[in-house]
Structure formats: C-alpha cells, structure tokens
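Computed from a predicted structure; not experimentally measured. Order of the sequence lines sets the chain letters (A, B, ...), proteins ahead of strands, with each chain counted from 1.
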2 protein chains.
Amino acid sequence: MREDNSYEVIRDVFTEYLIKKQHRKTPERYAILEHIYLHEGHFDAELLYNAMQKDYRVSLATIYNTLELLLDCSLIVKHPFVGQTAQFEKTFGNSIHHHLVCSKCGAVKEFSDKKIRTTIQAKNFASFEITHYSLYLYGLCNKCKNERKKS
Amino acid sequence: MREDNSYEVIRDVFTEYLIKKQHRKTPERYAILEHIYLHEGHFDAELLYNAMQKDYRVSLATIYNTLELLLDCSLIVKHPFVGQTAQFEKTFGNSIHHHLVCSKCGAVKEFSDKKIRTTIQAKNFASFEITHYSLYLYGLCNKCKNERKKS
DNA sequence: TTTGTTGCAAAACGTTTGCAGCCTC
DNA sequence: GAGGCTGCAAACGTTTTGCAACAAA
C-alpha cells in the first residue's frame with residue numbers, strides 16, 4: 001500500500017489550494033483533476049477535452065482555466081516540447097524522469113537517470129526559487145534516422 | 001583569433017547543407033542566416049522579421065521556411081519556454097548554457113554549470129541519436145516572489 | 001526551361017476573452 | 001444575494017498554406 005498519491009490526497013491538496021486562494025470549489029474543477037489523475041501520460045488541452053466528454057461535460061474554456069490553477073499549485077507541469085500545443089503531465093505519483101524528443105517526428109520517450117537528477121537538484125540560486133525543472137534531449141529516433149538516409 | 005565561428009564558417013556549413021539536400025541557395029536564406037549570426041540573444045520569428053526590414057526585405061513566410069532549414073542543419077535551436085511564440089537561438093559561438101524561466105512572468109535568465117553539462121553530455125542511447133539538449137529550471141524570480149506574498 | 005522559392009493574403013490552429021446565465025459561498 | 005465560474009462563440013496572435021510571379025539551377 002504505497003499509495004500516498006491516491007486521488008484522495010491529491011484532491012485534498014487541490015482543495016487546500018482553492019481555499020487559500022479563495023477560489024470556488026466547483027464540480028468541474030474536481031472532475032478535471034480526477035480525470036487527469038486517473039489517466040496516464042502526457043496530454044494537451046484538447047485531448048483532455050475530448051476524453052472528458054464521455055463522463056463529464058466541460059467546456060474547453062474551463063479546461064484551460066483549471067489547468068492554469070493546477071499549474072499554479074504544482075499538481076501538474078507544462079511541457080513545451082516541440083509542437084504547437086502545450087503538453088501537460090501530472091506531478092504526483094510520477095517518478096521524476098527526463099524526455100527524449102525526436103526533432104523529426106516529435107515522438108517523446110521518457111527516461112530516468114539518477115546521476116543527472118542528483119546533479120541538477122543540487123543546484124540552487126540566491127535570487128531564484130526553483131520549483132521544478134525539465135530536461136529535454138533532442139535528436140533523431142531510430143525510425144527517423146533510417147528514413148533520413150534516403151533523402 | 002579564436003574566431004572559428006565567424007560568419008564565413010557558418011555560411012559554409014549552411015551551403016553544404018543546402019547542396020546536400022538539393023535546396024536552392026537563395027539570397028534570402030543567406031540574409032536571414034547572416035542577420036541571426038550577427039546579432040545576439042534569443043529571438044522569435046516576428047522579431048527577426050521586423051529587425052530585418054531595415055537591411056533586407058523578406059516575408060514572414062520565408063523567415064519561417066528558413067528557420068526550419070536552419071533547425072534541420074542544427075545552426076539554430078528552438079526554445080519552447082513558456083509563452084506562445086517559439087524562441088530561437090544560434091548554436092555556434094554560444095557557450096553552452098541552461099535556462100531559468102520564471103513561471104509567473106516568463107522572464108528567462110541564462111546560467112552555466114560545468115558539472116551539469118558534463119553529466120548530461122555523458123549520457124547516450126543505443127536507439128536515439130542526440131543532437132542537443134535543453135535544460136529549463138522553472139520557478140519564481142525575485143520580483144514575482146515578492147509580488148506573490150501580497151495575494 | 002524547369003521547378004523550387006518567394007511574397008502576399010487568406011486560412012488554420014491553439015488559446016484567450018467577453019458576456020449572459022448559473023451556482024458556490 | 002453577490003460575485004466568481006461556466007459555456008458558448010467570437011477574437012486573438014502565431015504559424016501554415018495556396019497561388020501567381022520569380023529566379024536558381
């Protein structure tokens with residue numbers, strides 16, 4: 001039972017945040033949070049929107065609004081990656097990892113490296129309060145490397 | 001005279017790339033490359049477009065087209081950062097550095113850390129050919145940290 | 001001469017905003 | 001009951017695209 005990151009706990013974190021900031025605890029906000037925490041992997045606003053239509057109907061505007069709040073209380077992080085749409089990812093229950101991004105096809109793979117993690121986390125600044133970090137390694141995935149040889 | 005990265009060399013790299021890919025060597029492409037390499041710092045497509053109007057008139061479409069080519073031959077890199085416009089940066093003649101990004105106001109500061117650099121560069125993958133990497137540390141800059149206390 | 005490239009304008013795309021009605025507090 | 005929140009649709013800003021004219025090969 002290593003489930004410290006069960007949805008109950010996450011929900012409490014969000015509730016606490018909403019209270020502190022005097023934001024309202026609307027069903028939409030919890031529905032979005034729940035959907036995010038019950039699913040795996042990266043997502044963008046539209047993917048989330050489409051996926052949610054089945055169980056709980058929310059507008060895209062509300063999705064964007066809520067993602068903003070979740071970012072603010074660090075329950076999710078935003079990944080720029082390469083494409084034109086912002087990718088999000090939940091923070092709790094995820095092991096810390098880094099990203100390999102193929103410059104050609106945009107495919108994203110995750111990897112984990114303890115040494116890199118430790119080295120980065122050791123860093124701190126007097127005039128900047130670090131909350132999180134992202135490391136992206138760019139290059140060519142095998143598939144694109146092979147295709148490239150032809151052109 | 002440590003100018004291995006003078007514009008002449010860069011220009012040759014680009015020429016070689018254009019020939020290899022059988023792309024045409026148009027004056028616009030060289031004008032854009034030259035402008036990028038003769039100026040410092042990050043830029044986005046529109047900034048480059050506006051800046052170039054004075055010396056050489058190119059359309060935004062051509063700017064985007066050429067940036068694509070320059071990315072492809074690794075003469076520039078693309079930074080997603082946080083905002084809605086992609087930021088670019090030349091690769092040669094720049095010391096390797098990392099970025100501090102303020103989640104609140106979007107301010108970007110550069111820093112350099114040899115240990116981090118070495119650790120990351122030691123990494124390699126069998127099925128992925130790394131061309132470059134980006135490390136972003138996110139958090140609150142001093143200015144925003146102070147403002148936040150109020151709300 | 002051929003065909004890739006340019007410039008322009010229009011279109012597309014993700015995201016934000018204005019506003020009327022709703023619902024949390 | 002008041003005011004923040006929602007949904008909708010329209011607006012926005014960045015990037016992409018279609019097409020005719022142009023110019024590199």
Side-chain angles (χ1 to χ4, degrees), chain A residues 11 14-35 42-53 55-73 76 78-88 103 106 151, chain B residues 11 14-35 42-53 55-73 76 78-88 103-106 151:
Chain A
R11 191 189 163 97
F14 193 36
T15 302
E16 203 172 309
Y17 166 80
L18 291 175
I19 292 172
K20 186 179 133 213
K21 291 279 184 168
Q22 292 178 253
H23 289 141
R24 295 192 175 163
K25 303 191 276 295
T26 69
E28 287 83 1
R29 288 175 177 169
Y30 285 106
I32 292 170
L33 177 65
E34 184 173 335
H35 190 99
H42 302 117
F43 60 93
D44 61 25
E46 202 166 335
L47 187 76
L48 182 57
Y49 174 72
N50 290 329
M52 285 195 69
Q53 298 312 301
D55 5 307
Y56 195 103
R57 204 156 181 310
V58 255
S59 70
L60 245 186
T62 302
I63 299 253
Y64 278 106
N65 171 339
T66 304
L67 288 177
E68 200 63 40
L69 299 177
L70 293 175
L71 277 173
D72 195 38
C73 64
I76 58 173
K78 191 178 190 173
H79 292 297
F81 291 144
V82 273
Q84 48 277 57
T85 91
Q87 299 285 318
F88 299 88
S103 312
S151 61
Chain B
R11 190 190 164 98
F14 193 37
T15 302
E16 203 172 308
Y17 166 81
L18 291 175
I19 292 172
K20 186 179 134 212
K21 292 279 182 164
Q22 292 178 253
H23 287 143
R24 292 188 179 168
K25 301 192 277 295
T26 69
E28 288 82 2
R29 289 175 175 168
Y30 285 106
I32 291 170
L33 177 65
E34 183 173 335
H35 189 98
H42 303 118
F43 60 92
D44 59 25
E46 201 167 337
L47 187 77
L48 181 58
Y49 173 72
N50 290 328
M52 285 194 69
Q53 297 313 300
D55 6 306
Y56 195 103
R57 201 151 184 314
V58 255
S59 71
L60 245 185
T62 302
I63 298 253
Y64 277 106
N65 171 339
T66 304
L67 288 177
E68 201 62 40
L69 298 177
L70 293 175
L71 277 173
D72 195 38
C73 64
I76 59 174
K78 191 177 189 172
H79 292 295
F81 291 144
V82 273
Q84 47 278 55
T85 90
Q87 299 285 318
F88 299 87
S103 312
K104 204 70 192 172
C105 70
S151 61

- Message: Can you measure B:L47 atom CG to D:dT15 atom P for me and round it to whole angstrom units?
- Response: 12 Å

- In Å and rounded to the nearest 0.5 Å, what is the CG to CD1 distance from B:L67 to B:I76? 4.5 Å

- Query: If only side-chain N and O atoms of A:T26 are considered, is one of them under 4.0 Å from the OP1 or OP2 phosphate oxygen of D:dT6?
  - Reply: yes

- How close or far is atom P of D:dA25 from atom CD1 of B:I19, stated in whole angstroms? 9 Å

- Does B:N65 put a side-chain nitrogen or oxygen below 4.0 Å from OP1 or OP2 of C:dT6? yes

- If you take all heavy atoms of B:M52 and B:I63, which pair is closest and at what distance? SD-CD1, 4.2 Å

- B:F88 and B:L71: which non-hydrogen atoms are nearest, and at how many Å? CE2-CD1, 4.0 Å

Taking N or O atoms only and anything under 3.5 Å, show me the protein contacts with nucleotides 7-16 of chain C, one pair per line.
unit_1, atom_1, unit_2, atom_2, d
C:dG7, OP1, B:R57, O, 3.2
C:dG7, OP2, B:S59, N, 2.9
C:dG7, OP2, B:S59, OG, 3.1
C:dG7, OP2, B:T62, OG1, 2.5
C:dC8, OP2, B:R57, NH1, 3.4
C:dC8, OP2, B:R57, NH2, 3.4
C:dT15, OP1, A:A86, N, 3.1
C:dT15, OP2, A:Y64, OH, 2.4
C:dT15, O5', A:Y64, OH, 3.1

- Task: Counting heavy atoms from C-beta on, name the nucleotide in D:dA24, D:dC5, C:dC25 closest to the side chain of B:R24.
- Result: D:dA24

- Query: Which sits closer to the 5' end of DNA chain D, B:H23 or A:Q22, going by the nucleotide each is nearest to?
  - Reply: A:Q22

- Query: How many angstroms lie between atom CZ of B:F43 and atom NE2 of B:H79, to the nearest 0.5 angstrom?
  - Reply: 9.5 Å

- Where is the tightest heavy-atom contact between B:E28 and B:V58, given as atom of each residue plus distance? CG-CG1, 3.5 Å

- Minimal heavy-atom distance between A:D44 and A:L47, with the atoms involved, is OD1-N, 2.7 Å

